Amino acid sequence: MGMDLLHSLNPAQRDAVSATPGPLLVVAGPGSGKTRVLTHRIAYLIREMGVSPWHIMAVTFTNKAAREMEHRIEQLLDGRPQGLHMGTFHAICARLLRREVDNLTHYQRDFVIFDTADQLQVVKTALAELRLDDKKFPPAKMLNGISTAKNDLITPATYQATNYIGEITRRVYEYYQLALQTNNAMDFDDLLMQTVLLFDERPDVLQKYQHRYHHILVDEFQDTNATQYRLLRQLAGDDNSIFAVGDSDQSIYKWRGADYRNVQNFYRDYPTARTILLEQNYRSTQVILDAAMGVIRRNADHMPKKLFTERKGGAKLIVREAYNESDEANAVIDTIQDMMLQGYSGNACAVMYRTNAQSRALEEAFIGAGMPYRLVGATQFYQRREVKDVIAYLRVVHNPRDAVSLGRVLNVPTRGIGQATQQQFYLWAAGLGLQPAEALVRLAGDGDLQHPFTGRAYNALHTFGGQLTNWIALSEHVAVGDLLDAILRDTRYQAHLDDGTDEGVDRWENVMELRGVAGSDESLSLSDFLQQVALVAETDNLDNAAQATTLLTLHAAKGLEFPIVFLTGLEEGLLPHSRSMDSEDELAEERRLFYVGMTRAKDRLYLSHVFRRSTWGDSSVAVPSRFLNDIPEELLEGGGAGQRRRQSIDRASTWSDTRPRTGLERRPAGSQPSGGTAPSTPRPTTPAFSWDADRRLPKPNPAPEPRRERPATTRFKTGQKVRHTKFGVGTVIESKINGADEEVTVAFPGIGIKRLAAGFAGLEIIG
DNA sequence: TTGCGCCATTTTTTT
DNA sequence: AATGGCGCAA
């Protein structure tokens with residue numbers, strides 16, 4: 001029997017799976033079979049060590065990972081183990097808090113979970129109430145500060161402000177937290193923090209869980225934050241075992257409070273902890289691994305690892321420059337079609353990028369080519385206005401104290417409760433000591449109730465209050481789906497969305513999709529439904545069955561693998577992102593992000609950057625990412641990246657008026673070769689380049705291109721040498737008129753690309 | 001009160 | 001390029 005579980009593992013994996021209970025850290029390189037180790041460990045505990053599943057808790061990073069593990073354990077054990085507790089930190093905490101809600105000081109049963117939009121709403125209210133200027137103190141920044149505090153387990157009471165902004169953040173945080181309690185709502189961070197606080201205050205409650213969870217397994221340990229780590233320590237107590245799996249090279253959530261120093265904390269707090277290193281990779285070719293190691297090695301805090309695989313050799317990496325993002329996208333598509341001809345299936349490829357905004361150009365190209373794709377993230381389903389509205393209705397029905405959700409739908413669809421009425425209404429409700437929805441219900445139910453509303457406003461409020469009362473009553477004995485139907489019917493929501501445009505139809509379809517999620521299952525409670533909906537991640541719903549290329553951000557790619565991976569937009573400012581450029585730490589994280597992307601690839605890795613990238617409608621010259629320079633030359637097909645980087649800058653300087661015919665010029669919109677729908681023409685668009693060098697097409701489209709800029713009035717010309725007082729001598733890459741001033745982009749050797757306002761820069765032309 | 005149109009600002013990554 | 005905030009007209 002024991003053979004079954006261990007014989008398919010390599011020595012290091014076997015060591016981990018069969019380790020004696022106690023603190024253990026598995027350092028798992030990418031593709032080293034960590035899910036395998038985790039699942040086998042759980043199976044081993046149950047079957048070989050006689051541990052009851054009831055005593056095991058496994059924490060994963062996404063719900064999808066939890067499901068996947070559950071599925072694999074089921075296969076290993078020929079059945080579902082009863083009582084095994086598996087899920088994300090957030091889901092596990094939410095469940096625990098629901099169960100212990102009577103022991104919470106500030107919350108009642110039926111609390112709701114606020115998402116970012118709700119949080120922003122609360123912060124805006126807080127700023128208004130505190131008479132603070134939301135221009136000076138942007139709500140998103142405030143929220144960020146609050147979240148950071150919560151991730152570090154800092155409450156409004158323990159918040160130490162060191163400067164004015166800090167003091168403002170503290171005040172907003174204080175107000176915000178009270179508002180959440182009044183709304184009987186928690187945000188994502190609360191789920192974790194309130195659990196820790198509960199355990200702190202109530203040793204008896206903590207003890208209950210300590211007695212239950214003898215074995216705690218943690219996936220993606222490098223991405224735990226201080227609060228999560230504290231929670232693990234609380235649960236582990238003195239007697240329970242922590243089995244942590246992680247890889248600090250794949251830590252990419254520092255901005256969310258993740259602190260990979262928890263790895264060091266782990267050793268500090270558990271001096272007897274064992275470490276097991278998993279270095280054998282079962283995913284990628286050695287070429288891909290070597291390239292990835294070449295990149296990650298440059299990080300100062302990188303712990304040396306030697307990733308190896310039995311898949312010696314492999315195709316070299318291919319780096320190419322495209323003219324602009326649409327050419328880049330078309331080149332990707334062209335290569336994917338090629339790969340499919342070579343026998344790869346439709347879901348073999350993934351295209352990754354740094355920012356969600358980059359998906360647009362790709363999507364357009366896929367649609368243009370008639371190629372199937374699925375997009376992970378972007379405007380996430382549950383963030384869409386119409387979906388949020390419908391959920392807000394359900395939330396108010398579920399928890400009438402939720403004033404944020406009520407505020408969202410009070411006049412959506414418009415029902416004659418305008419701004420003036422709303423203000424009056426909120427004041428009146430507050431005077432009664434009631435939350436708005438509670439007051440509405442009272443107004444509808446009690447004809448004698450004193451109120452200040454005039455005929456029209458009263459009618460509108462009274463009617464809505466009546467509806468709300470009905471829905472609440474309905475929710476007691478009817479399935480979630482039926483309740484949703486009633487709400488949609490009573491509010492005439494479909495008519496509200498139908499504005500005659502395709503977008504209106506889309507929106508209704510989204511609502512129907514949500515209706516599908518609710519299903520007609522009687523046993524799904526409203527509470528469970530809302531929680532489920534609040535805690536889903538976009539990657540959770542990724543099904544691999546669809547024969548489509550996956551489009552996703554590098555962050556979303558973590559934990560996934562694909563035979564063929566395209567990393568696009570590898571340019572300075574994008575990867576590394578411009579917001580990360582002035583901090584060594586953040587730069588290191590950007591590099592890890594690149595590393596994560598590279599190591600998703602099993603067989604082939606394509607890297608691309610563009611010459612011209614458009615952001616916010618105007619485009620500018622881009623420089624290849626510095627990370628490309630760190631890939632060993634011999635692993636790249638064709639020339640090295642460093643060479644290309646220099647070439648690109650040089651080329652930029654010769655490309656203004658004497659631009660050679662490259663076939664790369666952007667075609668005027670609409671001049672694309674048409675007929676893309678015919679299946680016999682699999683290549684409806686003409687790629688500017690192909691990764692397959694010999695298939696590079698001759699330039700078929702000599703359509704005269706409208707000049708992009710009228711440089712007649714610019715003082716500086718591309719290719720000119722200029723001198724700057726601080727940066728020294730550089731080469732002008734481009735210059736354009738921007739408002740009243742001229743914007744000059746200059747490459748300064750050894751310094752980088754600078755964008756300068758000609759009026760202020762004091763540039764001297766020297767050649 | 002609603003709805004439209006103009007203006008400003010924006011994008012890093014997400015449970 | 002797209003969204004949100006704001007002012008004005010109906």
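If you're wondering where the values come from, they're calculated on a predicted model, not measured in any experiment. Residue numbers begin at 1 in each chain, while the letters A, B, ... track the order of the sequences.
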Side-chain polar contacts of residues 117-129 of chain A - donor-acceptor pairs under 3.5 angstrom, sequence neighbours left out - could you list them?
unit_1, atom_1, unit_2, atom_2, d
A:Asp118, OD1, A:Lys388, NZ, 3.2
A:Asp118, OD2, A:Asp115, N, 3.0
A:Asp118, OD2, A:Arg395, NH1, 2.9
A:Asp118, OD2, A:Arg395, NH2, 3.1
A:Gln119, NE2, A:Tyr176, OH, 3.0
A:Gln119, NE2, A:Asp187, OD2, 3.3
A:Thr125, OG1, A:Gln121, O, 2.8

Any stacking of A:Trp255 on B:dT13, going by centres under 5.5 angstrom and planes within less than 30 degrees?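 Given the distance and angle limits, yes, they stack.
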[X] [atom1] to [N] [atom2], straight-line distance once rounded to whole Å:
{"X": "A:Gln119", "N": "B:dT14", "atom1": "CD", "atom2": "P", "value": "15 Å"}
{"X": "A:Glu363", "N": "C:dA1", "atom1": "CD", "atom2": "P", "value": "16 Å"}
{"X": "A:Tyr253", "N": "B:dT15", "atom1": "OH", "atom2": "P", "value": "6 Å"}
{"X": "A:Arg613", "N": "B:dT11", "atom1": "CZ", "atom2": "C1'", "value": "13 Å"}
{"X": "A:Arg408", "N": "C:dG4", "atom1": "CZ", "atom2": "C1'", "value": "13 Å"}
{"X": "A:Gln358", "N": "C:dA1", "atom1": "CD", "atom2": "C1'", "value": "15 Å"}
{"X": "A:Leu120", "N": "C:dG4", "atom1": "CG", "atom2": "C1'", "value": "12 Å"}
{"X": "A:Leu143", "N": "B:dT11", "atom1": "CG", "atom2": "P", "value": "13 Å"}

P-based separation of C:dG4 from B:dT13 [nearest Å]: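 My reading of the P atoms in B:dT13 and C:dG4 gives 16 Å.
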Along DNA chain B (nearest heavy atom to each residue), the more 5'-positioned of A:His90 and A:Glu586: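 In this pair, the answer is A:Glu586.
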Starting at the 5' end of DNA chain B, which residue's closest nucleotide do you reach first, A:Thr553 or A:Ala357?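 Whichever sits nearer the 5' end wins; that is A:Ala357.
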Between A:Trp428 and A:Phe453, is the gap from one ring center to the other below 6.0 Å?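 Aromatic pair counts; centres sit under 6.0 Å.
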What do you reckon, are the aromatic ring centroids of A:His496 and A:Trp508 less than 6.0 Å apart?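 Not close enough - the centres of the two rings lie 6.0 Å or further apart.
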Atom CZ of residue position A:Arg261 - does it have more than 12 heavy atoms of other residues, nucleotides or ligands inside 6.0 Å?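 For A:Arg261, atom CZ is not crowded (no more than 12 foreign heavy atoms under 6.0 Å).
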Options B:dT11, C:dA1, B:dT15, nucleotide nearest the side-chain atoms of A:Arg360: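 Of the options given, the side chain of A:Arg360 lies nearest C:dA1.
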Quick one: label A:Lys135 by what it contacts on the DNA or RNA (base, sugar-phosphate, nothing), any heavy atom closer than 4.0 Å.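 Nothing: the residue A:Lys135, judged by heavy atoms under 4.0 Å, touches no strand.
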Counting primed atoms plus P, OP1 and OP2 as sugar-phosphate and everything else as base, spell out the protein contacts along nucleotides 1-7 of chain B at 4.0 Å heavy-atom distance: B, S or - for each nucleotide, 5' to 3'. SSS----
Determine the minimum heavy-atom distance between A:Gln531 and A:Arg95, stating which atoms define it.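 Shortest heavy-atom separation between A:Gln531 and A:Arg95 comes out as NE2-N, 4.0 Å.
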Carboxylate-amine/guanidinium proximity below 4.0 Å for A:Arg360 and A:Glu363: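 No, A:Arg360 and A:Glu363 are not salt-bridged.
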Pair up each side-chain donor or acceptor in residues 131-144 of chain A with any protein partner under 3.5 Å, not counting sequence neighbours, and list the distances.
unit_1, atom_1, unit_2, atom_2, d
A:Asp133, OD1, A:Lys135, N, 2.8

So, does A:Lys254 get its side chain near the phosphate of B:dT14, meaning an N or O under 4.0 Å from OP1 or OP2?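 For B:dT14, neither OP1 nor OP2 has a side-chain N or O of A:Lys254 closer than 4.0 Å.
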Please tell me if A:Asn356 has a side-chain N or O lying less than 4.0 Å from either OP1 or OP2 of B:dT14.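 For B:dT14, OP1 or OP2 has a side-chain N or O of A:Asn356 closer than 4.0 Å.
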